Amino acid sequence: MKKLYTTLLAIFIGFSALAQSSQVKKANRLYNQRAYMEASDAYRLVQDKDQEVLQRLGDSYFFTNRMGNAAETYRDLFLKYNDGSIAPEYSFRFAHALRATGKNEEADEYFSQYWNKTVDFEEWTTKMDTAVSHTYTTNQVMQNAASSDFGITFMGDKIVFASTRNSSRPIYAWNQKPYLDLYMANIDDEGKLSNIELFNDKINTDTHESSAAFTSDGKTMYFDRTNSRRVKVDWAEVPVATIRIYRAELVDGEWTNIEALPFTSDQYSVEHPTLSQDGSTLYFASDMPGSIGSFDIYSVAVNEDGTFGQPVNLGPNVNTPHREQFPYIANDGTLYFTSDGHLGYGNLDVFKSEQLNGTFGEAQNLGNSLNSEFDDFAFVLKEGEEKGYLASNRRGSDNLYAFTREDYTPPILPKEEMEINPETGRRQIAGVGNIYFDFDKATIKPESEPTLNRVAEIMKNYPMLKIEIGSHADARGSNKYNMDLSQRRAESTLEYLVSQGISRDRLVPKGYGEEVPLNDCTRPNMCTEAEYARNRRSEFTEITRETPYFQDQPEAAEDNEN
């Protein structure tokens, strides 16, 4: 009987191993086909996830903007395989996923590891608060969760944009949405769209079309189209379809002479065209040979006879070893583009590079009034007006956002709005006292809400103001327990202020444990309950720091011992 049980167990284990192998092969096939939604479902069912499975599962979530799932999976990866075998790009992706889920301190650790430099998001955002040239007010254009919409271009008094809303198109395996088409619409003074209709059946096909650009006379357009056939390329395990930029001409009211630009290829992608005001220079993104990163921004001369010069890489002020895409060249020569390789608020951010004597300067982040911790991209201005559009997946899928902007003049909190706390010697908001907690609790009490609402009101009035939430415990309990308890109090205070509309990156929660009492109650069983209660508090202190985001790691000291 024992031998029978042993045999049955061996058979069971064999079947389990075979089923596991079959499940991984299925998931790998979907992943290689870039069917990331289906691949994640398949990898998730694998019982014993090895390093490759965890990497690919995390990537499947990451590439489809499911950042909470991505962060959780990458964390499992780094906890299980901390032997140095994980490729550096996983630190980069994990850090971005953490940034998207609000875990900024942990994100700093992995960005520091990736760049071999100290990254301090809090200090960088403090600096950024005074470095921006404009502030932006954004509003979502359409409440349309079913489709992905992005890439608005102005075409006279209309706009053209890309969308997955055409349900008659084939389904794109990457995100399980229809292939992209170009649409056009009317636009009102508030940036809202109406009379949305397919752009043109000569332009739209059963593959992707997106990112249109028009000459000033409206007679020539450039746009993206994904190749209809897949080819073998060096960097992919299976054949892929790359992207080309096409040019079309408007003749007698019809778009005709549609042809791919001569420097496009089956072997690499060329995408996201934008034209200089005079139409003499085309800017685009590409991963063509010679690129610094996965995608770079290029320019190419458009000659009077319709031919093109040689593409020119815009160089390291603009391009990084990561993604630079969606260029937009303004009439004043300023280049706006999207990047996840320059320092930002998380994932893709919008940057600008100002042009001087034909050279593009250092990239500048447009700030957190425009950018979020998710992908923000495809920025375009309505020339002559301080408004425009961008796309963002900050609410799940790609959606269009209208913006207005104004020159930034930082409001300074008047001196009369601040005061020195006589008990701590620190600057705090005048007239705003501490809030207090029940014994061994981190829950916000109803009587604390008016004080917190006042803090939120002042922070809205003074968007440059950053606050440290310093939270404390009384002396009862171990030092470690009280430190953890005070940190929970700081974080619950932060969450309340975030719920009132205050940006998370303007608040720094700091637990001090029992180390900073306001009285002499420094040990258990020596004070009344009322005296201990005075130390169970959160305080609100102004932060004013100018430390850069990156600090070079100090060089290791020489070992002088022999």
Side-chain angles (χ1 to χ4, degrees), residues 1-94 96-98 100-101 110 148 164 167 169-179 206-208 226-242 266-267 269 294 396-397:
M1 182 64 69
K2 182 177 180 181
K3 184 175 181 181
L4 175 61
Y5 286 151
T6 303
T7 302
L8 290 173
L9 179 61
I11 293 172
F12 175 76
I13 292 172
F15 277 127
S16 297
L18 184 63
Q20 168 106 347
S21 175
S22 175
Q23 185 66 31
V24 171
K25 286 180 180 179
K26 174 186 175 182
N28 286 343
R29 184 179 71 255
L30 292 166
Y31 182 89
N32 290 332
Q33 293 170 348
R34 299 185 175 187
Y36 295 121
M37 298 294 285
E38 292 179 272
S40 64
D41 291 339
Y43 283 125
R44 190 167 45 80
L45 295 176
V46 175
Q47 293 298 315
D48 185 16
K49 296 178 177 63
D50 61 16
Q51 182 172 340
E52 182 180 66
V53 168
L54 286 171
Q55 288 176 172
R56 291 188 165 198
L57 175 58
D59 287 348
S60 297
Y61 288 135
F62 186 84
F63 295 150
T64 50
N65 194 41
R66 291 174 287 173
M67 292 300 179
N69 298 97
E72 181 180 342
T73 305
Y74 288 143
R75 181 177 286 107
D76 289 344
L77 170 68
F78 278 90
L79 288 174
K80 190 173 181 180
Y81 299 97
N82 58 358
D83 55 359
S85 62
I86 302 172
E89 60 262 29
Y90 289 96
S91 294
F92 181 79
R93 291 174 196 155
F94 186 24
H96 274 300
L98 290 166
T101 52
Y110 284 90
S148 293
T164 62
S167 59
R169 296 297 185 204
I171 297 299
Y172 185 36
W174 183 306
N175 57 10
Q176 292 295 298
K177 293 180 183 289
Y179 275 69
D206 272 346
T207 186
H208 292 299
T226 302
N227 292 329
S228 58
R229 69 188 186 96
R230 297 176 182 270
V231 299
K232 186 73 175 97
V233 295
D234 293 339
W235 46 266
E237 296 185 28
V238 298
V240 299
T242 57
D266 283 344
Q267 295 297 306
S269 289
S294 64
S397 61

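Owing to the predicted nature of the structure, the values given are computational and were not obtained by experimental measurement. Sequential numbering from 1 along the given sequence is applied to the chain's residues.
- Under the 4.0 Å criterion applied to side-chain N and carboxylate O atoms, Lys49 and Asp76 are not assigned as salt-bridge partners.
- Smallest separation of non-hydrogen atoms from Asn227 and Thr207: O-OG1, 4.2 Å.
- For the atom pair OG1 (Thr73) and CG (Leu57), the distance works out to 4.0 Å, reported to the nearest 0.5 Å.
- The CZ atom of Arg34 lies 5.5 Å from the OH atom of Tyr36; values are rounded to the nearest 0.5 Å.
- Of all non-hydrogen atoms in Gly58 and Ala70, the two that sit nearest each other are O-CB, 3.9 Å.
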side-chain contact (heavy atoms from CB on, under 4.5 Å) evaluation trace for Tyr31 with Asp59 | CA-CA 9 Å; Tyr31 182 89; Asp59 287 348; 3.2 Å; yes
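- No side-chain donor from either of Ser40 and Arg56 sits under 3.5 Å from a side-chain acceptor of the other.
- Lys80 meets the side chain to side chain contact (heavy atoms under 4.5 Å, CB included) test with Asp48, Leu54; sequence neighbours excluded.
- To the nearest 0.5 Å, atom OH of residue Tyr74 and atom CZ of residue Phe62 are 6.0 Å apart.
- Put simply, the side chain of Arg44 reaches to within 4.5 Å of the side chain of Tyr61, judged on heavy atoms.
- Residues Phe63 and Arg93 come closest through the heavy atom pair CZ-CZ, 4.1 Å.
- Between the side chains of Asn28 and Tyr43, at least one donor-acceptor pair of N or O atoms lies under 3.5 Å.
- Tyr90 and Tyr110 have their aromatic ring centers separated by at least 6.0 angstrom.
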Passes side-chain contact (heavy atoms from CB on, under 4.5 Å), Val240 versus Lys232? Steps please.
-> CA-CA 6 Å; Val240 299; Lys232 186 73 175 97; over 6 Å; no
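- Atom-to-atom distance recorded for Ser60:OG and Glu38:CD is 11.0 Å, nearest 0.5 angstrom.
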Step-by-step side-chain contact (heavy atoms from CB on, under 4.5 Å) determination, Ile171 to Gln176 = CA-CA 6 Å; Ile171 297 299; Gln176 292 295 298; 4.2 Å; yes
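- Smallest separation of non-hydrogen atoms from Gln23 and Ala42: NE2-O, 3.0 Å.
- Here the CE atom belonging to Met67 is positioned 9.5 Å from the OG1 atom belonging to Thr101, to the nearest 0.5 angstrom.
- Here Leu77 contributes atom CG and Ser91 contributes atom OG; the two are 9.0 Å apart, rounded to the nearest 0.5 Å.
- In this structure, the side chains of Ser148 and Thr164 come closer than 4.5 Å at one or more pairs of heavy atoms.
- The two residues Asp266 and Val233 come nearest to each other via the heavy atoms O-CG1, 4.0 Å.
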For the pair Met37 and Leu30, evaluate side-chain contact (heavy atoms from CB on, under 4.5 Å) and give the outcome as yes or no after the intermediate values.
-> CA-CA 9 Å; Met37 298 294 285; Leu30 292 166; over 6 Å; no
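- Taking all atoms of both residues into account, the shortest heavy-atom contact from Ala71 to Phe94 is O-CE1, 3.3 Å.
- Although no hydrogens or angles enter the test, the distance criterion places a donor-acceptor pair under 3.5 Å between the side chain of Tyr81 and the main chain of Gln51.
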